[in-house]
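Working notes, beginning with the structure itself.
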Amino acid sequence: MKRPLIGVTCRYNEENEEISLIPTYMNSVAVHGAVPILLYCTEDESLLRSWVDLCDGLMISGGPDVDPSYYGEERHEKCGPACPSRDRTESRLFEMFREAGKPILGICRGAQLVNALLGGTLYQDVPSQYNDGLVHSIPNLVPAWHSMNIVPGTRLHKILGVEECTVNSFHHQAVLKVAPGMRVAANAPGGLIEAIESTDDSWLFCIQWHPERTFQDDEVSNKLFCAFVDACR
Ligand code: MN
């Protein structure tokens, strides 16, 4: 059987011009038979087009805060520094993969970017703007953990097969207003949105936790990657 190709976006340090990505993003789909391909920041439309034609699906990975201009807001004093070239590249990739009808998985920043691109808004700084008594991020990528409720009847519920699980949490921002065409698929116990999914039958899931760091030991997280690779086949 032909292995599906999945484009995975990555970090870009504009100062020293280096790209980077924790390889578990790649491994999480490779273990299910996909061939992950790293998509770096570029403005080259013909290269972007070739990636979209070549790849069967897109994973938008985690990273820095999205520039608030993408959802029509002024920068909050606690919004982190943006990466303009990454915002541009991933926006274009999202539009093109969406237009091509190919599966898309947004993780953390990827989820926030997709919600902004589709017309939703974000909490620019969860700790000061949404006080639910939970810790959603600890500095230096130390994982916080909290439970998560999956909305019964959603497609995410069908994939994960549980109504509650525990997830890691590394996010500084989160979905505030859900974009048109998307719906809430999971919440933290205090109500903060942890996952959204498309309301039509396109394969578009956007999640706030980091299953790429736990899929080896966490059957629930692993199911999402399994479903993603299946959809890309
Ligand atoms: Mn969280």
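All residue numbers in this chain count up from 1 along the given sequence. Order of listing sets the numbers, starting from 1, for every ligand and every atom in it.
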Determine, for R92 against E95, whether the closest basic-nitrogen to carboxylate-oxygen distance falls under 4.0 angstrom. yes

Shortest non-hydrogen separation from V151 to A186 and the atoms involved: CG2-N, 4.0 Å

Among all residues two or more places apart in sequence or in another chain, which pass the ring pair (Phe, Tyr, Trp, His ring centres under 6.0 Å) test with H136? H146, H171

Does anything in residues 99-124 form a salt bridge (charged side-chain N to carboxylate O under 4.0 Å, His left out)? List the pairs, not counting sequence neighbours. D87-R109, E90-R109

Distance-only check: which donor-acceptor pairs under 3.5 Å involve side-chain atoms of residues 222-233, not counting sequence neighbours?
{"from": "N222", "atom 1": "OD1", "to": "H32", "atom 2": "NE2", "distance (Å)": "2.8"}
{"from": "K223", "atom 1": "NZ", "to": "L160", "atom 2": "O", "distance (Å)": "3.2"}
{"from": "R233", "atom 1": "NH2", "to": "H32", "atom 2": "O", "distance (Å)": "3.0"}

Counting only protein atoms, how many N/O/S atoms are less than 2.8 Å away from the Mn ion (ligand 1)? 5

Closest approach of C79 to V66 (non-hydrogen atoms, all atoms of both residues): SG-O, 4.4 Å

